[in-house]
Amino acid sequence: MRNLTRLRSLQALEASARHGSFVGAATELDVTRPAVGQLVRSLEDWVGYPLFRRSRSGAERLAPVDEAREALEDIAQGLDLLESGLRKLRGRKARSVVVVTASQALVANWLLSRLDDFSSAYPGIDVRLDVSDRVIDLAQGEADIGIRCGLGSWKGVRSTFLMGEEIIAVCHNRLVPADRDVTAGWIAEQTLIHDGTPHPGGEFPSWVEWLARSGANRAPAGGGLKINSTAAVIHAAVAARGVALVRKALVAQELESGRLVQLLPEIRWPVKWAYYIVAAPKALRRHEVAAFHDWLAGAP
């Protein structure tokens with residue numbers, strides 16, 4: 001005979017371990033923090049020992065003890081199976097939700113135009129976008145799946161290569177001269193937009209490096225427009241504030257529309273950073289997350 005009287009306590013335990021706090025678990029379970037703490041304590045009374053210890057990594061977090069950690073994978077799989085069974089009970093009325101996170105620029109210029117294809121292929125799955133330029137903690141369940149640009153290795157998640165990236169020079173079409181060719185020398189004379197966003201290990205070029213490769217006879221004049229946000233750099237280029245070095249994937253739609261023009265396209269600058277589909281192993285066990293992962297991996 002199955003004993004499911006502690007099911008709510010197991011939910012509280014699993015959510016607290018995943019979020020690393022009672023606060024995160026309370027938000028997910030839609031109860032108060034003391035209620036989560038009481039559910040976990042009732043489970044601790046039953047097993048006869050504490051299930052968490054406090055650890056510090058910038059902020060105080062809960063870390064499951066060894067015995068709890070060993071049990072949590074089985075508990076998580078069991079909760080996933082219960083959720084799957086409930087969806088089957090509801091049959092065709094059931095709708096699944098997958099929370100997808102990506103940067104503002106990538107969502108606007110690459111992902112949104114492709115989502116209709118996913119909705120057509122999986123009409124029973126709703127996509128919710130968490131648009132953020134900060135790194136969402138997928139291992140702790142802040143979102144189900146994401147697209148990240150980097151070197152491909154992040155703690156607590158599985159990474160699947162999506163596409164490579166290169167840096168190109170762009171400007172608004174009305175800045176392109178009608179009476180002369182665009183040359184490296186002409187570009188060096190323009191207002192140059194500098195992206196100050198850190199790109200560790202990516203080997204992203206500076207304007208001095210890019211112009212030297214393109215054959216400019218002189219270094220760019222000092223000054224220019226310095227911005228510490230990639231999305232804002234793109235907005236500045238679209239607003240015709242100057243010439244920018246940008247990631248090609250992030251301006252694909254602007255290039256297609258003709259609003260932005262790629263300058264000296266023969267100058268190729270591939271970078272080490274690439275785009276990856278990332279998700280926690282637990283999240284990938286869910287049908288809707290696995291479906292979105294596989295569709296995204298095959299997206300054109």
Side-chain angles (χ1 to χ4, degrees), residues 14-15 17-20 24 28 57-58 61 63-64 69 72-73 76-77 80 96-115 117-118 121-122 125-168 195 197-205 229-231 234 246-252 269-300:
E14 191 273 340
R18 183 157 34 82
H19 288 281
E28 177 180 320
S57 56
R61 297 181 68 84
R69 186 178 294 107
L72 274 166
E73 184 172 352
Q77 288 180 355
D80 289 344
S96 300
V97 175
V98 57
V99 180
V100 182
T101 180
S103 70
Q104 176 184 348
L106 187 67
V107 168
N109 288 286
W110 190 85
L111 183 58
L112 274 179
S113 63
R114 291 164 168 80
L115 283 181
D117 292 340
F118 177 79
Y122 297 93
I125 300 177
D126 292 331
V127 175
R128 294 180 185 170
L129 294 177
D130 186 337
V131 181
S132 176
D133 290 327
R134 75 180 182 90
V135 178
I136 297 293
D137 193 344
L138 293 166
Q140 297 297 330
E142 291 188 28
D144 299 319
I145 194 167
I147 305 173
R148 288 182 185 170
C149 191
L151 297 175
S153 178
W154 294 277
K155 185 178 180 181
V157 296
R158 292 180 184 170
S159 301
T160 303
F161 178 83
L162 179 60
M163 59 184 171
E165 185 56 289
E166 66 176 301
I167 303 303
I168 63 172
D195 188 348
T197 309
H199 301 102
E203 298 185 357
F204 280 54
S229 163
T230 296
I234 295 170
V246 297
R247 292 184 240 159
K248 189 172 185 178
L250 300 185
V251 294
W269 202 298
V271 291
K272 288 188 176 180
W273 275 24
Y275 296 94
Y276 294 85
I277 310 165
V278 290
K282 176 184 180 298
L284 286 170
R285 292 198 295 265
R286 290 167 46 206
H287 160 71
E288 60 271 26
V289 179
F292 191 85
H293 173 280
D294 294 346
W295 168 81
L296 194 58

Treating [X] as the side-chain partner and [Y] as the backbone partner, does any N or O pair qualify as donor plus acceptor under 3.5 Å?
| X | Y | answer |
| --- | --- | --- |
| Asp126 | Val97 | no |
| Thr101 | Asp130 | yes |
| Asn109 | Leu250 | yes |

Determine, step by step, whether Phe292 and Ile125 satisfy the side-chain contact (heavy atoms from CB on, under 4.5 Å) criterion, reporting the C-alpha distance in whole Å, the side-chain angles of both residues, the deciding distance to 0.1 Å, and the verdict. CA-CA 9 Å; Phe292 191 85; Ile125 300 177; over 6 Å; no
With no hydrogens and no angle check, just 3.5 Å: does a side-chain donor-acceptor pair link Asp195 and Thr197?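 Yes, side-chain donor-acceptor contact under 3.5 Å.
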Residues His293 and Thr160: side-chain donor-acceptor under 3.5 angstrom: yes
Can you measure from [atom1] ([X]) to [atom2] ([Y]) and round to the nearest 0.5 angstrom?
| X | Y | atom1 | atom2 | result |
| --- | --- | --- | --- | --- |
| Ile167 | Glu203 | CD1 | CD | 11.5 Å |
| Leu129 | Gln104 | CG | CD | 12.0 Å |
| Tyr275 | Ser103 | OH | OG | 7.0 Å |

Grab the two heavy atoms, one from [X] and one from [Y], that are nearest each other, plus how far apart they are.
| X | Y | result |
| --- | --- | --- |
| Arg114 | Trp295 | O-CZ2, 3.1 Å |
| Pro281 | Gly156 | CD-O, 3.7 Å |
| Pro200 | Leu151 | O-CD1, 4.2 Å |
| Ile147 | Val278 | N-CG2, 4.5 Å |
| Val271 | Pro205 | CG1-CD, 4.4 Å |
| Leu162 | Leu296 | CD1-O, 3.4 Å |

Within-4.5 Å side-chain heavy-atom neighbours: Val157 and Tyr276: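 No, side chains not in contact.
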Measure the shortest side-chain to side-chain distance between Pro64 and Leu72 over non-hydrogen atoms and say whether it is less than 4.5 angstrom. yes
Less than 4.0 angstrom from a charged side-chain N to a carboxylate O is my criterion; do Glu165 and Arg247 meet it? no
Residue pair Val246, Ile168: steps toward the side-chain contact (heavy atoms from CB on, under 4.5 Å) verdict: CA-CA 6 Å; Val246 297; Ile168 63 172; 4.0 Å; yes
On the 0 to 90° scale, with breaks at 30° and 60°, tag the His199-Phe204 ring pair as parallel, tilted or perpendicular. parallel
What do you reckon, is CD of Glu73 surrounded by more than 12 foreign heavy atoms closer than 6.0 Å?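 No, not enclosed.
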